[in-house]
Protein chains: 2
Amino acid sequence: MRLVIARCSVDYDGRLTAHLPSALRLLIVKADGSVLVHSDGGSYKPLNWMSPPCRLTEHPAAGDEPGKWTVTNKAGETLTITITETVSDTSVDLGIDPGLVKDGVEAHLQELLAEQLHLLGDGWRLIRREYPTPIGPVDIMCRDDSGAHVAIEMKRHAGIDAVEQLTRYLELLNRDPLLSPVQGVLAAQTIKLQARTLAEDRGIRCVVLDYDAMRGIVREGTLF
Amino acid sequence: MRLVIARCSVDYDGRLTAHLPSALRLLIVKADGSVLVHSDGGSYKPLNWMSPPCRLTEHPAAGDEPGKWTVTNKAGETLTITITETVSDTSVDLGIDPGLVKDGVEAHLQELLAEQLHLLGDGWRLIRREYPTPIGPVDIMCRDDSGAHVAIEMKRHAGIDAVEQLTRYLELLNRDPLLSPVQGVLAAQTIKLQARTLAEDRGIRCVVLDYDAMRGIVREGTLF
DNA sequence: ACATTTATCTCGCTC
DNA sequence: GAGCGAGGTAAATGT
């Protein structure tokens, strides 16, 4: 890894064109050739960058000409860094990183709701999770207290797409005289207002789920 | 900005929990207090990080105890960095960055088309950009030469979902007797064949935009 | 290999 | 501040 503190301007020309006026910045060149241009703020995202695989060509300063780096990738995108002043330029070998270990993934939510259908109504019974249809599985298929079928679409964050998806399932399921009528429920931790509006316009019930509470109920249930 | 090369392990506890085994890494502390942990590969995304606003507390090594950084934000998320060996530790003042200038994104395209509605037809008049509806804003709402309403959906690259999106708007807008009839126009730099087919099947006009030409016209307009 | 879904998304904008 | 859409989305997962 090479770290350069330099006054530079940056131009990217690829999927869009972007320009950075001259300023003091941190340039990171990683072992795979990728280049990151960071300022002293913002967030983890660089001001500009080139992802690997790519190639860095360095044109040293010569006379009045400032130094220039050009980074290109296979798609022909280019990042051009014009360096007018170099404050520092150091390299270090970090070796290969063992990598990140993540915990706490959430396909879990569906499992929890299947166990806690009473959150939707007393007397609701599970038919099955991942109920198969020709256009894909319905997340949860169940019956309400009157025995009528209900298809549940689950999302962590429900947008318009979730409503469209559930609508397609309902349209198909309701063609089957053995199932019809099938009601729809959209269940998610958050539901965008537009999605809610569209869903309710189509007679689909919206339910906001409290993941922590649902997890808590399970904890108590398994503890005693 | 502070740059530290150190052997460290990292633990994040917040929206998820994650752990990084000990290895040599680059730690970046930005002026706003945010912290980035980078390895010598991967991509522009750090292995782990804490976004601003947040607070870094440093606990120096003492005896057998390794050094430890704890970074916390308002939401109670914590990033803990345990440092067993520091290779280098330097600081530099970069000043405030002038920021990125982007070109060629949808917003720019929308702006250009709003100024050049004549590209769609003589006598067309703008009502407003980002015309609000309960299910989201219509990119451009205007009237054609006969005074009839036209809703324009803009994309850089239009696919099926752009057609679906516009269809939803049109369905809703045409319920309003003050607006109806509302025609639809899908305008994009490129339109996928399936999108074009679906759009035309639904009576939606497709228009391919020449970004460079539109930009050029504006340049000429402002030059003379 | 490609398509789909997720993200500690980030970023910018509007209300 | 909340909400929403776009992104050079990037990254992970399923097919």
Which pairs pass salt bridge (Lys or Arg N to Asp or Glu O under 4.0 Å) with one or both residues in [range], sequence neighbours excluded?
range	value
residues 17-33 of chain A	A:R25-B:D97
residues 41-57 of chain A	none
residues 182-196 of chain B	B:R196-B:E200

Task: For A:D89, all residues meeting side chain to side chain contact (heavy atoms under 4.5 Å, CB included), sequence neighbours excluded - done: A:R2, A:V4, A:T86

Open item on the list: Which residues pass the side chain to side chain contact (heavy atoms under 4.5 Å, CB included) test with B:H157, not counting sequence neighbours?
Closed with: B:T190

- [ ] Taking only the side-chain nitrogens and oxygens of B:R156, find out if one of them lies under 4.0 Å from OP1 or OP2 of D:dT9.
- [x] yes

Using nucleotides 11-15 of chain C, report all nitrogen or oxygen pairs with the protein that are shorter than 3.5 Å.
from, atom 1, to, atom 2, distance (Å)
C:dC11, OP1, A:S43, OG, 2.7
C:dC11, OP2, A:S43, OG, 3.3
C:dC15, OP1, B:R128, NH2, 3.4

TODO: Can you sort out the partners of A:D40 under salt bridge (Lys or Arg N to Asp or Glu O under 4.0 Å), two or more places apart, ordered by chain and number?
DONE: none

Tabulate atom names and distances for all N/O pairs under 3.5 angstrom spanning the protein and nucleotides 2-5 of chain C.
none

TODO: Using ring pair (Phe, Tyr, Trp, His ring centres under 6.0 Å) as the criterion, list what pairs up with A:W49, not counting sequence neighbours.
DONE: B:Y44

TODO: Quick one: closest heavy-atom pair of A:I81 and A:C8, and the distance?
DONE: CG2-CB, 3.8 Å

Open item on the list: From NZ of B:K102 over to P of D:dG5, roughly how many Å is that when rounded to an integer?
Closed with: 18 Å

